[in-house]
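When reading the values below, keep in mind they use all heavy atoms of this one structure, side chains included, and skip hydrogens, waters and symmetry mates. Remember, it's 1-based here, ligands and their atoms both numbered in the order they're listed.
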Amino acid sequence: MLLLALAFTVAFVLLLYMVSPLISPKALKLAGAHVVVTGGSSGIGKCIAIECLKQGAFITLVARDENKLLRAKKEIEKNAINDKQVVLCISVDVSKDYGQVENVIKQAQEKLGPVDMLVNCAGFAVSGKFEDVDIDCFGKLMEVNYLGSVYPSRAVIHTMKERRMGRIVFVSSQAGQVGLFGYTAYSPTKFAVRGLAEALQMEVKPYNIYVTVAYPPDTDTPGFQEENKSKPLETQLISETSNVCQAEHVARVIVKDATQGNFNSSIGSDGYMLSSLTCGMSPVTSITEVLQQVITMGLFRIIALFYLGSFDSIVRRCMIQREKSEHENKSK
Ligand SMILES: NC(=O)C1=CN([C@@H]2O[C@H](COP(=O)(O)OP(=O)(O)OC[C@H]3O[C@@H](n4cnc5c(N)ncnc54)[C@H](OP(=O)(O)O)[C@@H]3O)[C@@H](O)[C@H]2O)C=CC1
Ligand SMILES: CCCCCCCCCCCCCCCC(=O)[C@@H](N)CO
């Protein structure tokens, strides 16, 4: 029996190695490539732009605030490795009007050539209890985080298919892999991005276009500082499970996974466990990845139950605490 199991495993591993050339994309070299980064004027997006410039790319930054764009451009340009490299800035709201976004991509392609890699990083987070979050926020978040990823991707896809090459990166979040207290408005927008990425990847793979979804943990950025101003205690305590990452590190991992053509990009050990646990029917881009998923999934599910238990107990404790202090206030 044991021998049979062993034989099966060996056969399985051999089979995987045989099909490996089919699933391993060729790495994209960033030297001379044109990379468009939405949300490139701040935080993770800015660091992604810097990382790409360091590898010799030409960059287009897309965001709304022109002053912030110009300031970021100056900072990013310092990392150029040759004097031919250009950092172009274009101001647009990626979530409002598809025509506008299409125009921006056209302008960028006229100046710097066809887009080799698009990084959809524009986005924001709002946390709060379901009944406390402003009702308009649900739509606004979906517009910016989801439609704001659809529009730029739609605007580059035709040329990428014609050229039979390209990379599209979506910046989701760990909150796009698990729904947590306080993220009823934000999480669904990041889950949506994954659905888009999976469906799109199946369409464009024969055209040699590779899609990457990144799931960063809490990362120290201006956006994160903003989010923290109104974060419920429960969300804070749950989030403390994971360390806060530096944007430079997150950016390096994302750029590496995107150039290699990996579908999944995760950061840190929690990120690794979450990605393995939630891989579902997502495309596979390396043999090691499949093997790791197959071997670790059951174990990670058990570990996840402990995390869930501790999150539930945080939520319960906070509720009791709140009711207690409300009671005390009333009786004062
Ligand atoms: N920081 C974190 O903890 C994590 C962040 N993420 C995700 O990473 C992405 C970047 O986050 P982070 O770096 O923290 O955010 P920042 O707030 O620091 O940067 C956001 C960038 O997006 C731009 N932007 C926002 N809305 C729009 C819009 N409607 N149209 C065009 N550009 C827009 C901003 O410029 P402007 O305002 O001028 O338009 C800015 O350049 C987001 O999608 C976020 O959800 C994921 C996991 C963790
Ligand atoms: C085996 C299973 C392991 C499970 C570990 C779970 C750890 C959960 C911590 C999640 C923190 C939430 C990140 C949201 C980041 C974000 O998108 C916002 N900060 C954006 O501003």
Side-chain angles (χ1 to χ4, degrees), residues 37-49 61-72 89-97 100-101 104 119-127 140-141 143-149 151-152 169-183 186-187 189-190 193 213-229 231 235-247 250-251 254 265-278 296-308 310-311:
V37 187
T38 76
S41 67
S42 171
I44 300 175
K46 186 169 80 182
C47 288
I48 289 177
L61 303 176
V62 177
R64 290 163 305 175
D65 184 330
E66 288 184 28
N67 292 327
K68 215 160 78 180
L69 273 168
L70 285 175
R71 261 180 279 137
C89 295
I90 312 182
S91 160
V92 75
D93 186 325
V94 288
S95 69
K96 283 279 172 308
D97 172 34
Q100 273 181 12
V101 177
V104 163
V119 182
N120 291 295
C121 194
F124 73 110
V126 172
S127 60
K140 184 91 192 104
L141 274 163
E143 269 178 18
V144 178
N145 295 357
Y146 174 66
L147 288 180
S149 300
Y151 294 167
V169 181
F170 295 99
V171 180
S172 175
S173 158
Q174 284 187 356
Q177 297 179 300
V178 52
L180 299 168
F181 188 109
Y183 284 131
Y186 176 68
S187 264
T189 70
K190 295 297 184 180
V193 159
V213 194
Y215 302 100
D218 278 336
T219 306
D220 189 12
T221 65
F224 181 58
Q225 302 296 343
E226 193 55 40
E227 181 204 348
N228 278 342
K229 288 181 186 161
K231 206 175 247 182
T235 316
Q236 256 176 58
L237 293 172
I238 289 171
S239 301
E240 274 167 15
T241 312
S242 266
N243 290 333
V244 177
C245 273
Q246 292 306 308
V250 171
I254 294 177
S265 179
S266 60
I267 286 113
S269 51
D270 293 329
Y272 174 74
M273 287 196 283
L274 273 173
S275 286
S276 188
L277 202 54
T278 62
T296 60
M297 216 181 242
L299 174 68
F300 288 172
R301 178 62 178 153
I302 295 172
I303 298 176
L305 294 182
F306 285 98
Y307 277 94
L308 285 174
S310 91
F311 297 165

Please confirm whether the backbone N or O of Tyr272 pairs with a side-chain atom of Ser275, one donor and one acceptor, at under 3.5 Å?
no
Location of contacts on Leu180 toward ligand 2, heavy atoms closer than 4.0 Å
side chain
So which heavy atom in the protein is nearest atom 2 (C) of ligand 1, and how far is it from that ligand atom?
Thr219 N, 3.5 Å
Identify the protein heavy atom lying closest to atom 9 (C) of ligand 1, giving its residue, its atom name and the separation to 0.1 Å.
Cys121 O, 3.1 Å
Would you call Asp93 and Lys96 a salt bridge, taking side-chain N to carboxylate O under 4.0 Å as the test?
yes
Atom 9 (C) of ligand 2: the protein heavy-atom neighbour that sits closest, reported with distance to 0.1 Å
Gln174 OE1, 3.8 Å
Counting only heavy atoms, tell me which of Thr235, Leu277, Asp218 gets closest to atom 15 (C) of ligand 2.
Asp218
The protein heavy atom nearest to atom 18 (C) of ligand 2 is Glu227 OE1, 3.2 Å
protein heavy-atom neighbour closest to atom 47 (C) of ligand 1 works out as Pro216 O, 3.4 Å
If you scan protein heavy atoms around atom 18 (O) of ligand 1, the nearest is Ser42 OG, 2.6 Å
Heavy atom of the protein closest to atom 8 (O) of ligand 1 (residue, atom name, distance)
Val171 CG1, 3.4 Å
Closest approach of any protein heavy atom to atom 31 (C) of ligand 1, naming residue and atom
Val92 O, 3.4 Å
The protein heavy atom nearest to atom 48 (C) of ligand 1 is Pro217 O, 3.1 Å
What protein heavy atom is closest to atom 16 (C) of ligand 2, reported as residue, atom name and distance in Å?
Ser173 OG, 3.4 Å
Looking only at non-hydrogen atoms, the one of Tyr186, Tyr151, Phe224 nearest atom 44 (C) of ligand 1 is Tyr186
Record the part of Phe124 in heavy-atom contact with ligand 2 below 4.0 Å; permitted values are side chain, backbone, both and neither.
neither
For atom 12 (P) of ligand 1, closest protein heavy-atom neighbour:
Thr221 OG1, 3.5 Å
Quick one: nearest non-hydrogen protein atom to atom 7 (C) of ligand 2, plus distance?
Ser242 OG, 4.1 Å
Which of the atoms in ligand 1, numbered in the order shown and given with their element, are less than 4.0 Å from a heavy-atom of Ser41?
35 (O), 40 (C), 41 (O)
Among Gly45, Ala122, Gly123, the residue with a heavy atom nearest to atom 20 (C) of ligand 1 is Gly123
